[in-house]
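Sequence lines set the chain letters: A, B, ... in the order given, protein chains first and strands last, and positions in each chain run from 1. The structure presented is a predicted model; accordingly, all values stated were derived computationally and were not measured.
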Number of protein chains: 2
Amino acid sequence: MEYNAKQIQIIEVAERLFADKGFAGTSVRDIAQEANVNVSMISYYFGSKEKLIEALFAMRMGESRSRMEMLLGNEDLIPIQKINILIDSAIDRLMGNQCFHNIMMREQLSSERTPTISEHIRGLKLRNVQLMQKLIEEGQAVGAFRKNIDLSLMSTTLYGTINYAIATQDFYKRINGLEDMEEAEFQIHLRRKLSQHLKSLFKSTVTNEHHNQN
Amino acid sequence: MEYNAKQIQIIEVAERLFADKGFAGTSVRDIAQEANVNVSMISYYFGSKEKLIEALFAMRMGESRSRMEMLLGNEDLIPIQKINILIDSAIDRLMGNQCFHNIMMREQLSSERTPTISEHIRGLKLRNVQLMQKLIEEGQAVGAFRKNIDLSLMSTTLYGTINYAIATQDFYKRINGLEDMEEAEFQIHLRRKLSQHLKSLFKSTVTNEHHNQN
DNA sequence: GGTAAAATCAAACAATCGTTTGATTTTTAT
DNA sequence: ATAAAAATCAAACGATTGTTTGATTTTACC
């Protein structure tokens with residue numbers, strides 16, 4: 001599906017409001033007002049509020065397809081380097097689209113699911129899990145990684161940690177005394193901390209290397 | 001605050017519906033119908049829908065206070081054993097109250113927060129983080145744990161992993177071919193897998209021990 | 001420049017929302 | 001048994017919901 005500038009404007013406003021207040025908590029009049037369009041434009045362009053969030057998923061999902069897969073082709077990297085790239089790319093993707101992933105998280109918490117949205121999420125998660133499993137199995141094959149690794153829960157830890165860190169970033173700011181830090185600077189700070197933490201976590205957990213106590 | 005049987009009945013139905021469909025997505029008529037009470041009873045007992053969810057938080061938060069803290073007093077346990085108890089108690093708490101923690105997760109994703117609820121969540125999270133930090137610092141003091149551990153992100157990984165595992169348990173079921181498993185049995189299965197995974201994760205990450213490749 | 005299509009608008013639509021009302025029943029206590 | 005208090009109910013309240021209508025303006029094309 002192709003969207004014109006005004007449609008994208010509506011989608012992006014809706015994305016922010018859905019992330020802030022939830023789908024049911026956001027009225028089409030809220031969206032129309034913030035997007036500076038008439039209320040009827042939403043039904044006119046998308047058919048319904050429900051179809052609008054489906055359009056949002058169609059747009060965002062279509063964007064970042066097959067960006068990570070290329071890292072698999074690079075044969076110059078050792079297994080742990082590929083894992084590190086996977087970690088950083090996950091952090092970039094989630095931190096760079098916090099509103100959208102907030103909505104995705106809400107959608108997964110909900111039981112009244114839209115079939116097409118559920119399918120999008122399931123497909124994305126399947127790709128993520130399979131990519132990580134492939135990387136870990138590669139490492140195991142060359143003897144670099146441990147054998148007793150819970151493959152499906154490793155990706156749960158990766159995405160669970162990032163998602164939870166984003167959801168609780170205000171709390172993180174507070175207990176680490178970073179309330180006065182510039183917002184953009186804080187985002188960079190959190191990315192770096194998450195990257196270090198997760199790389200250390202994965203290195204300790206999946207590799208056979210001994211600890212380097214520094 | 002003390003609640004009578006009918007009030008608790010309303011609160012528990014509301015908890016399930018809020019978890020399923022969100023606060024804004026659940027109408028007081030939905031709640032009244034499923035709880036077999038008249039709509040006006042909600043305003044009559046709680047004042048408003050908003051006050052109802054606050055009552056839910058007051059009730060659930062008041063229940064499990066200071067249950068974990070006692071594990072700190074036990075001096076017979078070595079640091080990693082205390083960490084393992086912390087992990088299992090977190091799994092028990094979140095898996096045993098999935099509806100409530102679903103609502104808590106939604107609340108943290110939202111920007112339009114109720115002050116009293118935010119305060120409840122902040123207090124709970126603060127206790128969780130401080131308890132884990134204390135345990136890790138105890139282990140570091142006796143030389144059992146590594147020094148370079150990101151204290152605040154360790155609890156993010158613990159609670160992020162559990163929350164995300166619960167939110168995506170249908171997906172977990174599917175990719176592990178457990179769709180035919182009895183629901184109660186699956187819950188036990190997931191608890192055990194989570195416990196093993198997180199204990200292994202924490203052992204590898206925080207201790208100085210070398211890996212035991214089995 | 002004229003005409004058809006697309007876009008925009010205020011207004012109205014029926015449905016649902018949270019809450020209140022006022023009468024009625026049930027419970028409690030003397 | 002009686003009076004006061006608590007609980008329950010159907011009905012109605014005004015506000016807001018998502019959507020549609022029909023008229024009007026803007027855009028695109030020959």
Applying side-chain hydrogen bond (donor to acceptor under 3.5 Å, both in side chains), name anything that partners [X], two or more places apart in sequence or on another chain.
X: B:H197; result: A:T157
X: A:N163; result: none
X: B:Q98; result: B:Q169, B:Q187
X: A:N38; result: A:S40

Test your reading of the model: is there a side-chain donor-acceptor pair from [X] to the backbone of [Y], 3.5 Å cut-off?
X: B:Q196; Y: B:K193; result: no
X: B:K49; Y: B:T26; result: yes
X: B:R106; Y: B:A19; result: yes

If the condition is side chain to side chain contact (heavy atoms under 4.5 Å, CB included), which residues does A:R29 pass it with, not counting sequence neighbours? A:S27, A:V39
My understanding is that only residues two or more places apart in sequence, or in another chain, count here; which of them pass side chain to side chain contact (heavy atoms under 4.5 Å, CB included) with B:Q130? B:L126
For a 4.0 angstrom threshold against heavy atoms of chain A, report the outermost contacting nucleotides of DNA chain C in 5' to 3' order. C:dA6 to C:dA12
Read 5' to 3' with Watson-Crick or G-U pairs under 3.5 Å, [ ] for crossing pairs and | for partners on another strand, DNA chain D gives .|||||||||||||||||||||||||||.|
B:T114 side chain to B:E50 side chain, donor-acceptor N/O pair below 3.5 angstrom: yes
So what does B:Y45 hit on the nucleic acid, given a heavy-atom distance under 4.0 Å: a base, only sugar-phosphate, or nothing?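 Here B:Y45 touches the backbone only, sparing every base.
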Distance from B:E2 atom CD to B:I8 atom CD1, nearest 0.5 Å?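 These two atoms lie 8.0 Å from each other.
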B/S/- contact track for nucleotides 13-19 of chain D, protein heavy atom under 4.0 Å: ----BBB
How would you list, by chain and number, every residue that makes a ring-ring contact (aromatic ring centres under 6.0 Å, His included) with B:F100, sequence neighbours excluded?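 With sequence neighbours excluded, B:F100 shows a ring-ring contact (aromatic ring centres under 6.0 Å, His included) to B:F57, given in chain and number order.
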Just jot down the ring-ring contact (aromatic ring centres under 6.0 Å, His included) partners of B:F23, sequence neighbours excluded, or say none.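 For B:F23 the ring-ring contact (aromatic ring centres under 6.0 Å, His included) partners, ignoring immediate neighbours, are B:F18.
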Which whole-number value in Å describes the distance from A:N38 CG to D:dT26 P? 15 Å
Residue-level proximity of residues 10-19 of chain A to DNA chain C when a heavy atom falls under 4.0 Å: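 Contacting residues: none.
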